[in-house]
Peer 1: 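The structure's right below; bear with me while I get my questions together.
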Amino acid sequence: MTTRTSWFSRLGAAFGGILTGLGLVLAGIILLAWNEGRSVQSIRTNNEGVRAVASVSATRVDPVHEGRLIHVTAPASATGRLRDADLGLEADGLSLGRKVQYFQWVETSRSEKRVRLGGGEETITTYSYDRQWVDTPQDSSRFQQSDGHQNPVPNLKSTVFAADRATLGAYSADAAVLNQITPEAPLTPTAQDAAMAAAALSRPVRVVENALYVGRDSAAPEPGDMRIHYATAPQNMVLSVIAAQTGGLLKPYSTKAGAPLLMVHTGAVAADQMFAQAKAANQTLSWILRGVGLVVLMVAVGMILGPLGVLADVLPFLGSIVRVGTGLVAGLTGLVLAALTIASAWIVYRPVIAIGLVVVAGAVVAFLIWRARGRGAKA
């Protein structure tokens, strides 16, 4: 498909993009400031937990620790059976995971843009369609060419069914704890499970390669077919939990920092190791969000400067040169805005560190000025 856009239309869109760019600048600044506040709250919560936690035995609930933050490690078991409410499959364990894959049409597009003399733009877009297994349903109504590439709307999604309650030695845990466990032990459905699923879906279902296959022929899948894999978090899985002791029930701990504290790890993990992993995860997330905020600001400034490139596109080679310049300006401006936002947020959330950095930076600048004056006097 080929579309052509006049220079005046492109220029109007570019000027309209200035408003979008200004909105993105605000969004980027808010994201960066919020991220610093979130990071500091996580650090304070983590530090408070390190000071308050007490590792206890799971053999008895000690009233001395009532309302306090505790660390307990024990095998967990749940009463009753887990059940897939949609298909009827049942299993023992702490949680039951259902992962659904869909055989569907997938649209892929590839575009090539060419700026013509006079500033007009020609876009050649090629669409291709392929049938494949995907984890996310594809909405064929949004395809450029939906005829002949229609996907039935699936009536099943991937989900997790967790036990209502489980015991860890003398302690008990509810959904707040159990929902943090990822089912990873594969479960092979039976022929009876397939029969129940077929009745529930009113479609042919059978067991194929340790999964339920929904469709007529697994060797020749059609759009609308599904593969359903199951996994469990098995009974007696060892869990390490950091939570508040509330009458023998493990609940999120209310911290002075304002964020609830609840950590769940599989296996026997020491309290200090759990806090160390939480600290590392917080640092990773903080840098990822800083990177996202920086990119948003760079893109935003680029959109604000966009009309300059379109104006210069009257001569295509000149437009390319201008875009290189505006790209550099957008990158540097975005970097400065991000640095100023983070620095301002640190003054609010980390005043001691911020003041220290300001003092160090001032000392460096004063030293450079002193050296420069000294060299000037010698000259």
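Numbers here simply count residues along the sequence, with the first being 1.
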Peer 1: Might you confirm whether atom CZ of Arg83 has over 12 heavy atoms from other residues, nucleotides or ligands at distances under 6.0 Å?
Peer 2: yes

Peer 1: Contact between Val205 and Leu87 at the side-chain level, heavy atoms closer than 4.5 Å - yes or no?
Peer 2: no

Peer 1: Check this for me: Gln192, atom CD, are more than 12 non-hydrogen atoms of other residues, nucleotides or ligands nearer than 6.0 Å?
Peer 2: no

Peer 1: Ignoring hydrogens and angles, state whether a donor on the side chain of Ser140 or Ser146 is under 3.5 Å from an acceptor on the partner side chain.
Peer 2: no

Peer 1: For the pair Tyr171 and Val61, evaluate side-chain contact (heavy atoms from CB on, under 4.5 Å) and give the outcome as yes or no after the intermediate values.
Peer 2: CA-CA 7 Å; Tyr171 291 90; Val61 177; 4.0 Å; yes

Peer 1: Does any non-hydrogen side-chain atom of Ile242 lie less than 4.5 Å from one of Leu262?
Peer 2: no

Peer 1: Residues in salt bridge (Lys or Arg N to Asp or Glu O under 4.0 Å) with Arg81, at least two apart?
Peer 2: Glu90, Asp92

Peer 1: Can you list, pair by pair, the side-chain donor-acceptor contacts under 3.5 Å of residues 172-184, counting residues two or more places apart and other chains?
Peer 2:
unit_1: Asp174; atom_1: OD1; unit_2: Ala176; atom_2: N; d: 3.2
unit_1: Asp174; atom_1: OD2; unit_2: Lys251; atom_2: NZ; d: 3.2
unit_1: Asn179; atom_1: ND2; unit_2: Ala175; atom_2: O; d: 3.2

Peer 1: Can you list the steps and then say if His71 with Ser240 is a side-chain contact (heavy atoms from CB on, under 4.5 Å)?
Peer 2: CA-CA 7 Å; His71 164 258; Ser240 295; 4.2 Å; yes

Peer 1: So Val295 and Val292, side-chain contact (heavy atoms from CB on, under 4.5 Å) or not? Walk me through it.
Peer 2: CA-CA 5 Å; Val295 171; Val292 171; 5.9 Å; no

Peer 1: Just grab all the ring pair (Phe, Tyr, Trp, His ring centres under 6.0 Å) pairs involving residues 218-264, residues at least two apart or on different chains.
Peer 2: none

Peer 1: Could you tell me which residues satisfy salt bridge (Lys or Arg N to Asp or Glu O under 4.0 Å) with Arg110, sequence neighbours excluded, listed by chain and number?
Peer 2: none

Peer 1: Less than 4.5 Å apart, any side-chain heavy atom of Leu294 and any of Leu335?
Peer 2: yes

Peer 1: I want to check something: taking the side chain as every heavy atom from C-beta on, are Pro204 and Arg216 in contact at a cut-off of under 4.5 Å?
Peer 2: yes

Peer 1: Can you pull the salt bridge (charged side-chain N to carboxylate O under 4.0 Å, His left out) pairs that have at least one residue in residues 282-305, sequence neighbours excluded?
Peer 2: Glu36-Arg290

Peer 1: Which pairs would a plain distance check flag for residues 266-279, meaning a side-chain donor or acceptor within less than 3.5 Å of a matching protein atom at least two apart in sequence or in another chain?
Peer 2:
unit_1: Gln277; atom_1: OE1; unit_2: His265; atom_2: ND1; d: 3.3

Peer 1: Taking atom CG of Leu89 and atom CE of Met196, what is their separation to the nearest 0.5 Å?
Peer 2: 6.0 Å

Peer 1: Quick one: does Leu337's side chain get under 4.5 Å of Val301's, heavy atoms only?
Peer 2: yes

Peer 1: Does Arg38 have any salt bridge (Lys or Arg N to Asp or Glu O under 4.0 Å) partners at least two apart in sequence or in another chain, and if so, which?
Peer 2: none

Peer 1: Is the ring centre of Phe143 less than 6.0 Å from the ring centre of Tyr129?
Peer 2: yes

Peer 1: Do Leu82 and Leu212 share a hydrophobic cluster, counting only Ile, Leu, Val, Met, Phe, Trp and Tyr and linking them when any side-chain heavy atoms are less than 4.5 Å apart?
Peer 2: yes

Peer 1: Atom CG in Leu261, atom CG in Asn46: separation rounded to 0.5 Å?
Peer 2: 7.5 Å

Peer 1: Tell me which donor-acceptor pairs under 3.5 Å the side chains of residues 20-29 have, and how far apart each pair is, sequence neighbours excluded?
Peer 2:
none

Peer 1: Do Val336 and Ile304 share a hydrophobic cluster (ILVMFWY, side-chain heavy atoms under 4.5 Å, transitive)?
Peer 2: no

Peer 1: Pick from Leu201, Val208, Asp225: which one makes a side chain to side chain contact (heavy atoms under 4.5 Å, CB included) with Val214?
Peer 2: Leu201

Peer 1: I need the full list of salt bridge (charged side-chain N to carboxylate O under 4.0 Å, His left out) pairs touching residues 128-144, with sequence neighbours left out, sorted by first then second residue.
Peer 2: Asp139-Arg142

Peer 1: Would you mind listing every salt bridge (charged side-chain N to carboxylate O under 4.0 Å, His left out) that reaches into residues 153-171, with sequence neighbours excluded?
Peer 2: none

Peer 1: Determine the minimum heavy-atom distance between Ser158 and Val100, stating which atoms define it.
Peer 2: OG-N, 2.8 Å

Peer 1: Over all heavy atoms of both residues, which pair between Gly93 and Ala78 is shortest? Give the atoms and the distance, please.
Peer 2: O-CB, 3.8 Å

Peer 1: Sort and list the pairs that fulfil salt bridge (charged side-chain N to carboxylate O under 4.0 Å, His left out) and have at least one residue in residues 204-213, not counting sequence neighbours.
Peer 2: none

Peer 1: What pairs meet the ring pair (Phe, Tyr, Trp, His ring centres under 6.0 Å) rule with one or both residues in residues 80-112, with sequence neighbours excluded?
Peer 2: Phe103-Trp133, Trp105-His149

Peer 1: Taking Leu187 as the starting point, is it possible to reach Ile228 by hopping between hydrophobic residues whose side chains are less than 4.5 Å apart?
Peer 2: yes

